[in-house]
Asks: 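One structure, pasted below without further comment.
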Amino acid sequence: MAGAPLSTDVADTRAMLEAAAAAHGDVEAYVEPGARITFADWVGRARSVATQFADLGVGKGDVVALWLPSGIDYATCYAAVAMIGAITTGLNPRLGRREVESILQQADPALVVADERFAVLPGHRMLSRAALTTDVSGTAPPAVDLTRRDLVALIFTSGTTGTPKGAAFDAEGLAAGAAAAGVMSAPYDRRLTSTPFAHAGYMFKLWDQLVWGATLVVPPTPWSAQGMFDVLRAERVTVAGAVPTQWAKLLEVDGVEPSALPHLRIGIAATAPAPPELVRRVAERVGVPLVVRYAMTECPTICGTEPSDPPEVQFRTVGRPAPGMDVRVGSDGVVEVNGPCVMRGYWRNPELTAEVLRDGWLRTGDIGVLGDDGNLTLVGRSGDVYIRGGYNVHPGEVERTLSGHPGVKHAVVVGRSAPVIGELGVACVVPADETSPPTLAELRAHVASELADYKAPDELLIVEELPLTAMHKPDRIALRELINLHHKDIQRRQPTRG
């Protein structure tokens with residue numbers, strides 16, 4: 001097995017796929033519960049599906065939406081779409097009806113490939129997952145004139161307005177992501193995935209996988225700490241990505257020790273910052289460094305820590321800019337990023353693109369401090385968005401959904417810091433009937449019926465009235481203080497364990 005990565009100096013994504021099939025042919029590309037596929041078979045199957053898509057009228061520049069679980073079929077469709085010059089967007093299976101409708105309205109896909117478990121979408125041309133071509137011999141799809149400036153991926157995020165926005169990436173950007181991988185990539189890594197394939201953590205990393213010949217291991221669902229431990233051992237995983245909550249739960253599993261995971265070389269705290277104590281415990285119990293990566297959908301590679309960094313850097317910062325990337329802090333304290341990993345722009349939204357991309361610099365919305373040593377420390381967020389387990393949650397859309405519950409008169413949602421998971425959503429509710437306020441379970445079920453389940457509030461605080469600012473808007477600062485006082489009071493009243 002060769003040890004050198006492929007060159008990123010390739011004409012387009014289709015050529016990159018073919019080069020990877022030739023160089024890594026017998027290497028496993030994907031492992032999912034009950035199935036495996038090599039690079040040669042993955043690309044061969046993608047050729048057949050690309051021909052199928054072309055026969056259905058999908059052409060260069062069209063969008064294909066994948067409403068599929070993470071795994072081989074998703075990966076095959078993504079590669080197939082790229083082969084014919086079309087653009088892939090993903091629909092996270094956890095999204096609610098409103099979010100799916102909003103994304104599809106903006107993306108206007110020529111085709112939606114959907115798992116049979118999901119609903120038929122009126123007004124959209126749909127192809128069942130079961131109807132996908134499975135021939136790995138791969139008849140060549142139609143020839144298409146492609147360049148590295150052709151768009152490959154359209155990755156949607158809720159951002160800071162609550163409305164999904166599509167960050168567009170071309171092959172040039174995906175190639176830059178592979179070049180900027182740093183310690184996260186080595187030849188023939190076996191990576192345990194931690195985010196859905198519709199997430200930037202997968203979509204942006206297509207070229208990275210092709211360049212390095214990496215195997216992506218999809219964990220079984222539902223996730224469990226024991227299941228993660230079993231997969232890490234059985235699949236000889238070398239790079240494990242997981243959200244901080246998952247790392248914390250892994251440490252509670254019997255038998256987790258360095259000798260049990262001899263192949264693992266690095267752990268990645270994905271999608272959310274890891275508390276200092278968690279970083280220390282992973283190093284002791286698992287025996288590998290837990291590096292932190294700072295990224296966002298609009299720029300999936302920004303900066304990160306290194307295994308050799310001293311503790312004060314590992315535990316308190318998000319590291320230094322990745323190769324090819326520049327980071328600065330504006331006069332208002334907002335972190336700005338420039339470099340080839342920045343998105344081309346928001347899909348069909350030049351006005352919003354102009355707001356966040358100024359002279360090539362992306363305004364992240366995060367407040368930070370850049371140290372003399374080049375390490376970036378994040379100190380807050382410019383908006384009200386809170387990050388729950390790696391997922392951005394915008395209070396406005398949750399509040400609008402809560403207002404539709406008959407037991408709610410007014411509602412404001414505020415993020416509260418919490419160990420491991422990052423932040424929790426607290427719903428501050430003025431009930432419609434003070435004698436019979438809604439329960440947390442009722443409100444969670446109501447929100448989850450409309451939005452992604454992770455956006456459902458975690459805690460409920462019933463109030464007689466909402467504090468208001470001078471502009472008669474909900475005073476979120478006052479609410480945060482009230483929430484913190486309430487939380488401290490609950491902690492004081494909890495019995496002490498002896």
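Note: hydrogens, waters and symmetry copies are ignored here, and every other heavy atom, side chains too, is used. This one's a predicted model, so the numbers in the text were calculated from it and none came from an experiment.
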Asks: Do side-chain atoms of Ser70 reach the backbone of Phe197 as a donor and acceptor pair under 3.5 angstrom?
Replies: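 It does hold such a pair.
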Asks: Give a yes/no verdict on a cation-pi contact between Arg388 and Tyr386, requiring under 6.0 Å between NZ or CZ and the six-membered ring centre and an angle within 45° of the axis.
Replies: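 Cation-pi check for Arg388 and Tyr386: fails.
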Asks: Mind checking whether His405 and His446 have parallel, tilted or perpendicular rings, split at 30° and 60°?
Replies: perpendicular
Asks: Is Arg480 salt-bridged to Asp475, cutoff N-O under 4.0 Å?
Replies: no
Asks: Is it true that the side chains of Thr301 and Arg293 contain a donor and an acceptor less than 3.5 Å apart?
Replies: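 No donor-acceptor contact under 3.5 Å links the two side chains.
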Asks: Please assess Phe229 against Leu261 for the test side-chain contact (heavy atoms from CB on, under 4.5 Å), listing each intermediate value before the final yes or no.
Replies: CA-CA 9 Å; Phe229 185 40; Leu261 300 168; 3.9 Å; yes
Asks: Distance-only, no hydrogens or angles: does the Ser185 side chain make a donor-acceptor pair with backbone N or O of Ala181 under 3.5 Å?
Replies: no
Asks: Below 4.5 Å, heavy atoms only, C-beta onward: do Val329 and Glu336 meet side chain to side chain?
Replies: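 No, every pair of side-chain atoms sits at 4.5 Å or beyond.
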Asks: Is a side-chain donor or acceptor of Ser128 paired with a backbone partner of Ala130 at a separation under 3.5 angstrom?
Replies: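 Such a contact is found between Ser128 side chain and Ala130 backbone.
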Asks: Just wondering, do Val429 and Pro437 contact through their side chains at under 4.5 Å, heavy atoms?
Replies: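 No - every pair of side-chain heavy atoms lies 4.5 Å or more apart.
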Asks: For Thr133 and Gln52, does a side-chain donor sit closer than 3.5 Å to a side-chain acceptor?
Replies: yes
Asks: Just so I know, are the side chains of Thr193 and Tyr202 near enough to count as touching, which here means a heavy-atom distance under 4.5 Å?
Replies: no
Asks: If you round to the nearest 0.5 Å, how far is CG of Leu461 from CG of Leu479?
Replies: 8.0 Å
Asks: I'd like to know if the side chain of Asp108 reaches the main chain of Gln105, judged simply by a donor and an acceptor atom lying under 3.5 Å from each other, with no hydrogens or angles considered.
Replies: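 Flag not set: sc Asp108 to bb Gln105 has no pair under 3.5 Å.
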Asks: Judged by atom type as modelled, is there a donor-acceptor pair below 3.5 Å linking the side chain of Trp42 to the main-chain atoms of Ala75?
Replies: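 Yes, the answer is positive, given that a donor and an acceptor are paired below the 3.5 Å cut-off.
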Asks: Which distance, rounded to the nearest 0.5 Å, do you find between the CG of Leu66 and the CG of Asp73?
Replies: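 Separation between the atoms: 10.0 Å.
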Asks: With the threshold set at 4.0 Å, does a side-chain nitrogen-carboxylate oxygen contact exist between Glu298 and Arg344?
Replies: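 Here Glu298 does not pair with Arg344 in a salt bridge, since their nearest N and O are not under 4.0 Å apart.
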Asks: Quick check against the 3.5 Å criterion: does Gln106 have a side-chain atom that pairs as donor or acceptor with the backbone of Pro164?
Replies: yes
Asks: Tell me whether Asn92 contacts the main-chain N or O of Leu95 through its side chain, where contact means a donor paired with an acceptor under 3.5 Å.
Replies: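 Such a contact is absent between Asn92 side chain and Leu95 backbone.
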Asks: What are the two closest non-hydrogen atoms of Thr13 and Ala82, and how far apart are they?
Replies: CG2-CB, 3.7 Å
Asks: Quick one: CH2 on Trp212 to CE on Met184, what's the gap to the nearest 0.5 Å?
Replies: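 These two atoms lie 11.5 Å from each other.
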Asks: Identify the two heavy atoms, one from Ile87 and one from Gly61, that lie closest to each other, and give their separation to 0.1 Å.
Replies: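 Between these two residues, the closest heavy atoms are CD1-O, 3.7 Å.
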Asks: Quick one: does Phe169's side chain get under 4.5 Å of Leu154's, heavy atoms only?
Replies: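 No - every pair of side-chain heavy atoms lies 4.5 Å or more apart.
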Asks: Can you name the nearest heavy-atom pair linking Leu362 to Cys299, along with the distance?
Replies: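 It is CD2-CB, 3.8 Å.
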Asks: Can you sort out the partners of Glu399 under salt bridge (charged side-chain N to carboxylate O under 4.0 Å, His left out), two or more places apart, ordered by chain and number?
Replies: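 For Glu399 the salt bridge (charged side-chain N to carboxylate O under 4.0 Å, His left out) partners, ignoring immediate neighbours, are Arg476.
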Asks: Could you tell me whether the side chain of Thr157 and the main chain of Thr297 form a donor-acceptor pair under 3.5 Å?
Replies: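 Not at all, since once roles are kept as given, no pair shorter than 3.5 Å links the two residues.
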Asks: Aromatic rings Phe118 and Trp67: how do their planes relate, parallel, tilted or perpendicular, breaks at 30° and 60°?
Replies: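 Geometry flag for Trp67 against Phe118: parallel rings.
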Asks: I need the minimum non-hydrogen distance between Glu28 and Val31, along with the two atoms involved.
Replies: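 Shortest heavy-atom separation between Glu28 and Val31 comes out as OE1-CG2, 3.5 Å.
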Asks: Between Arg444 and Asp458, is a side-chain contact (heavy atoms from CB on, under 4.5 Å) present by the stated rule, with each step listed?
Replies: CA-CA 8 Å; Arg444 284 181 56 81; Asp458 301 280; 3.9 Å; yes
Asks: Does Thr215 form a side-chain contact (heavy atoms from CB on, under 4.5 Å) with Asp189? I'd like the steps, not just the answer.
Replies: CA-CA 6 Å; Thr215 303; Asp189 264 332; over 6 Å; no
Asks: Count the heavy atoms of every other residue, nucleotide or ligand shown that sit under 6.0 Å from CD of Glu116, and state whether that count exceeds 12.
Replies: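 Yes.
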Asks: Looking only at heavy atoms, what is the nearest atom pair of Arg348 and Pro350, with distance?
Replies: C-CD, 3.6 Å
Asks: What distance do Met203 atom CE and Thr88 atom OG1 have between them, rounded to the nearest 0.5 Å?
Replies: 5.5 Å
Asks: Decide yes or no on side-chain contact (heavy atoms from CB on, under 4.5 Å) for Leu206 and Leu210, but give the supporting numbers first.
Replies: CA-CA 6 Å; Leu206 176 63; Leu210 297 172; 4.1 Å; yes
Asks: Check this for me: Lys409, atom NZ, are more than 12 non-hydrogen atoms of other residues, nucleotides or ligands nearer than 6.0 Å?
Replies: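 12 or below, so no.
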Asks: Give, for atom CD1 of Ile155 and atom OG1 of Thr89, the distance between the pair rounded to the nearest 0.5 Å.
Replies: 8.0 Å
Asks: Would you call Val239 and Ile268 a side-chain contact if the rule is heavy atoms closer than 4.5 Å?
Replies: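 The answer is yes, as the side chains (C-beta and beyond) meet within the 4.5 Å cut-off.
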Asks: With rounding to the nearest 0.5 Å, note down the distance linking CD1 in Ile72 to SG in Cys77.
Replies: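 Output value for this atom pair is 12.0 Å.
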Asks: So, are Lys455 and Glu450 salt-bridged, with charged N and O less than 4.0 Å apart?
Replies: no
Asks: Distance-only, no hydrogens or angles: does the Thr401 side chain make a donor-acceptor pair with backbone N or O of Glu397 under 3.5 Å?
Replies: yes
Asks: Step through the shown structure and confirm whether more than 12 heavy atoms of other residues, nucleotides or ligands are within 6.0 Å of CD1 on Ile477.
Replies: no
Asks: Within 45° of the ring axis of Tyr74 and under 6.0 Å from its six-membered ring centre, is that where the NZ or CZ of Arg129 lies?
Replies: no
Asks: Check whether any side-chain heavy atom of Pro438 sits under 4.5 Å from a side-chain heavy atom of Pro431, and report yes or no.
Replies: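 When only atoms from C-beta onward are counted, Pro431 and Pro438 do touch, with a gap below 4.5 Å.
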Asks: Output all residues satisfying side-chain contact (heavy atoms from CB on, under 4.5 Å) with Pro109, sequence neighbours left out; order by chain, then residue number.
Replies: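 For Pro109, the residues satisfying side-chain contact (heavy atoms from CB on, under 4.5 Å) (neighbours in sequence not counted) are Val63, Ala65, Leu104, Ala107, Val112, His124.
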Asks: Name all residues meeting the salt bridge (charged side-chain N to carboxylate O under 4.0 Å, His left out) criterion together with Glu459; count only those two or more places apart in sequence or in a different chain, and write none if there are none.
Replies: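 Counting only residues at least two positions away or on another chain, Glu459 forms a salt bridge (charged side-chain N to carboxylate O under 4.0 Å, His left out) with Arg416.
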Asks: At their closest point, which heavy atom of Ala171 faces which heavy atom of Val152, and how far apart are they?
Replies: N-CG2, 3.7 Å
Asks: Can you find a heavy atom in the side chain of Leu151 that is under 4.5 Å from one in the side chain of Trp347?
Replies: yes
Asks: Using a 4.5 Å cut-off on heavy atoms from C-beta on, say whether the side chain of Leu111 contacts that of Met126.
Replies: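 Result no, sub-4.5 Å side-chain heavy-atom pair not found.
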